[in-house]
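Questions regarding the structure given below will be posed in turn.
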Amino acid sequence: MRNVYIVGTGATPVGEHWDRSAASLAVEALAAALGDIPASRVGALYVASALNGSLEVQSQVGPMVATAAGISGIEAVSIEAGTASGGVALRQACLAVASGIVDLVAVVGVEKTTDVLDARRERALALAGDAEWEAIHGVTTTALWAMLMRRYMHNYGYGIEDFAPFPVNAHANGVANPNAMYRFAITADKVRSAPMVAEPLGLLDCSTAADGAAALLIASEGLARDVSAAPVCVAASAVATDTLALHSRHDPLWLSAVAHSTATALRAARMTHRDIQVLDVTDPHGITAALVLEAGGFAERGAAVALARDGAITPKGALPLATGGGCKARGDAVGANGIYQVVELVAQLRGQAGAAQVAGASVALAQCIGGIGATAATHILTME
Amino acid sequence: MDLAKHWRIRHARYRLEGQRHRTTGEVRFPPAPLRPGEAHDSWEPYVLSGRGRVYSFSIVRQPPEGYDEQAPYLIALVRLEEGPLVTAQLTDCDLDQVTIDMPVEMVTRKLRALGPTGLIVYGYKFRPVV
Amino acid sequence: MMKPERPVGIAGYGVYIPRFRIAAREIARIWDGAGGVPVDSKSVPGPDEDTITMSIEAARSALARARLAAGRLSAVWVGSESHPYSVKPSGTLVAEALGATPWVSAADWEFACKAGSEALTAAMGMIGSGMAEYVLAIGADTAQGRPGDALEYTAAAGAAAFLVGPAADAVAVIEGTTSYVTDTPDFFRRADTAYPVHGHRFTGEPAYFSTSRGAAERLLNDLGAKPSDFTYAVFHQPNARFPQTVAKQLGFTPQQIAPGLLSPKIGNAYSAAALLGLCAVLDVAKPGDTIFMATYGSGAGSDAYALRVTDALVERRERAPLTTAYLARETFVDYAVYAKWRGKLVMG
């Protein structure tokens, strides 16, 4: 199998793009990733989108984006894995290039959520769970995380306020990200006094679903040297799954897909946790980040919240997290999040992350999970 | 009109009918299709007692479509006494009344109506033990 | 008097009363209730409850008391004036929830407030003829009254289920029944309208009183019994006053009807009203006690029954929640919540 490199990144700001369609956002991100490379050199296009079918009522998003980009005719396919769509699409691109069949693949994550503003939006987001045994009871993905948070607090003795460092860190970092939806800091006091969305989850510990598109160009080693001055190596790529429904898991507080895909990726990259200098994970809520860090092996069970409280997740800490603002401050572009993560981490590895820069970062880990963790996609990126 | 998808799992929805393994005695809910390699009679229908305890719970204040009129409502993960964990609403219960480990029992209630002229979907919920 | 050749009885019974109540004074606060209120409070179904859900719970208790597997039921019959569907039986869904399907008869009965006792009388015929061993007869309603109407103070919700079987397996043997019916338009609801209309004072003497007396006096006469021969008596209870008045007219004492008089606290549970009263009596009766019951349904008719309690009652009644357990968990809601849940918020 050949080595695989990221040779281009692009993204639109995350936000409420009232006058933009999904296709126009996708093309803007793709054009930014291409830069000087002619679109005609792209051999295949993978489009990640979680909600386009349910909210935009449009399938075949692959040909839709290819058509808008003027490259219809090429292999183009859409990939859906809930909020893990971006990471899973990236893996497909890596596999395609590594196989030797294609030299240059474009991956575009796109989500258009603001065309539907009523309760259909929550329904669409809840689709990532089990329709027959979860969604029919009116449970939302947010409520599932809230139940895990309450149980976590019960098991380990934390209070709601202990989770505030996650959104506080995300907002502090979002200030430096020009594509972030919320470019302002928040305080733990503000987090604490926010109204409840799904007890014990308050409004400021919940990400906001928004519009956005992000794109990556994935190239073979030979091509990467030709087209990029600073290619970033995809040192490992791994996808794992867990049961679709949360209640089917032996230990609901253990995200086994995260555990498996992280361990597989580290093994493939011949690395340990200590090698990872900066990471970005699916973090719509503090509890999500905490459980991901624990299952991923970055924190002992029950200790991730304490680590965050002690400052480990800030850019200067041992476990820098959400340096682009995370789902909370960047804005939650749902199926595109996995691509935004990589765009932001590539900036870290290139030393272009501004105030949120982790000094000397040369190894990064991007991980996105679908829904409540039924899918986990992990990528390790290195700057040689 | 969504009919068959609700109809075919009515036994599980209405009366918490899961499955019991004929040799190991393991009880599971919800019922699942036969896995590759399993003998066709590996699992038999088994009605669970409906008794359990709250594993965790939350209050849905931003409901999905079709549940707007119910909000805010209690949602819970219930650990059934036979072992399985199940996701369901809590009913006949004040929003501030629930605690982890609270004993609950199954009742059959309306889950939702599929519009004013559509099917009424009935199914299990849980409530504090009467 | 109608009496099956093969003796028949109640093998198990179950009740359901929703948790919620609204005080009659709260209704009077919204609408001018200067003339006094007919009950103290009434039961209100929660937003996820209807005739089907209430029937299921009452029926589960009835089966639990008899420890009867649902597969042995020959019929599941639900009497109600508030079936959730106009076309699609409640009985099939209740039977499915109990686990009685598919080799079972299921049907819905309708006769205003005595739809449940219609099912009970028919069940007697099924068992008495030897066609069936066990039949579930259920009366359940989530009754509606037009906002501000006199009926709104009383139109309540509840369910009662009787597992009817051979007398040898009964907590109470049914010794006989009469049915008295005339075409009397005291109360009705046209198809496709939300609220019923009623005949004000016409609902009294020409309807409820004369009809209830008609069935009751015939049964007493045919049994050669007098009111004082019974330990308890239960009448349909559209409000607090009517059952007390008809009891007095017939010669029953306040003591005889007190245990089965639930309407002051839960209002008129329509098809379940008298049946719930009978259940409450079974909760406290002793072996050998005798019970007289007369139901009433507008339109109009009354079914009267004479029952005798057996030794089996004492053990079986503890196997499911007593009526008092449901009465005790009362949670009061205000008129706004009640109006929201009952679909009374309509833009003009």
Side-chain angles (χ1 to χ4, degrees), chain A residues 54-55 116-155 160 194-203 206 208-209 243-253 285 287 372, chain B residues 2 5-6 8-10 12-13 16 18 28-33 52 54-80 83-91 95-96 98-101 109-112 114 121-126:
Chain A
S54 49
L55 292 185
V116 174
L117 297 173
D118 56 24
R120 283 180 292 162
R121 204 170 141 95
E122 281 297 330
R123 187 185 68 171
L125 290 166
L127 289 180
D130 188 319
E132 281 187 338
W133 308 107
E134 290 182 328
I136 188 66
H137 297 284
V139 70
T140 59
T141 310
T142 304
L144 289 171
W145 287 119
M147 288 195 281
L148 289 181
M149 179 174 170
R150 189 186 298 278
R151 187 70 199 193
Y152 186 95
M153 290 162 59
H154 174 83
N155 284 12
I160 296 176
M196 285 290 152
V197 171
E199 281 89 334
L201 276 174
L203 188 64
C206 291
T208 309
T243 62
L244 183 59
L246 175 62
H247 56 233
S248 304
R249 299 174 192 171
H250 175 68
D251 178 356
L253 290 174
H285 319 288
I287 182 63
I372 201 88
Chain B
D2 303 356
K5 66 190 253 190
H6 299 293
R8 65 176 168 262
I9 55 172
R10 63 195 181 282
R13 284 260 177 82
L16 214 62
R28 70 182 180 190
F29 187 92
V54 172
Y55 172 86
S56 193
F57 63 97
S58 182
I59 300 167
V60 176
R61 296 183 185 275
Q62 290 183 0
E65 183 185 27
Y67 299 82
D68 324 34
E69 290 179 8
Q70 302 180 29
Y73 51 88
L74 281 159
I75 192 89
L77 288 162
V78 173
R79 177 71 70 189
L80 300 170
L85 196 62
V86 61
T87 306
Q89 284 190 26
L90 299 179
T91 188
L95 293 181
D96 58 2
V98 197
T99 55
I100 284 178
D101 288 337
R109 294 288 174 92
K110 284 192 286 188
L111 298 184
R112 61 169 299 187
L114 304 178
V121 181
Y122 294 85
Y124 50 85
K125 293 187 180 184
F126 291 82

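Naming: A, B, ... by sequence-line order, numbering from 1 per chain.
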Heavy-atom proximity to chain A below 4.5 Å, by part of B/Val78: neither
Region of B/Tyr124 that comes under 4.5 Å of a non-hydrogen atom in chain A: both
Nearest heavy atoms of A/Glu199 and B/Ser58, plus distance in Å: O-OG, 2.6 Å
Between A/His154, A/Arg121, A/Met149, the one whose heavy-atom pairs under 4.5 Å with chain B are most numerous: A/His154
When A/Gly138, A/Ala198, A/Ala135, A/Ala143 are compared by non-hydrogen pairs under 4.5 Å with chain B, the top option: A/Gly138
Engaged part of B/Lys5 at the chain A interface, taking heavy atoms whose separation is under 4.5 Å: backbone
CG-CZ distance between A/Leu203 and B/Arg61, expressed to the nearest 0.5 angstrom: 12.0 Å
Option in A/Arg150, A/Arg123, A/Glu134 with maximal non-hydrogen atom pairs under 4.5 Å from chain B: A/Arg150
Donor-acceptor contact below 3.5 Å, side chain B/Gln89 vs main chain A/His137: yes
Atom pair CD (B/Gln62) and OG1 (A/Thr142), whose distance is rounded to the nearest 0.5 Å: 7.0 Å
B/Asp2 side, atom CG; A/Ile136 side, atom CD1 - distance, nearest 0.5 Å: 8.5 Å
Which atom of A/His247 lies closest to which atom of B/Leu77, heavy atoms considered: CB-CD2, 3.9 Å
Choice from B/Ala32, B/Ala76, B/Gly123 maximising heavy atom contacts with chain A below 4.5 Å: B/Ala76
Ring geometry between B/Phe29 and A/Trp133 (parallel below 30°, tilted from 30 to 60°, perpendicular above 60°): perpendicular
Nearest-0.5 Å distance, CG of residue A/Asp118 to CG of residue B/Asp68: 8.0 Å
Under 3.5 Å donor-acceptor, A/Arg120 side chain and B/Glu65 backbone: no
Worked verdict on A/Glu132 versus B/Ile9 for side-chain contact (heavy atoms from CB on, under 4.5 Å): CA-CA 9 Å; A/Glu132 281 187 338; B/Ile9 55 172; 4.3 Å; yes
Approximate separation, where rounding is to 0.5 Å, of B/Ile100 CD1 and A/Asn155 CG: 7.5 Å
Chain A contact via B/Arg79 - side chain, backbone, both or neither, heavy atoms under 4.5 Å: side chain
Part of B/Arg8 lying under 4.5 Å from any heavy atom of chain A: side chain
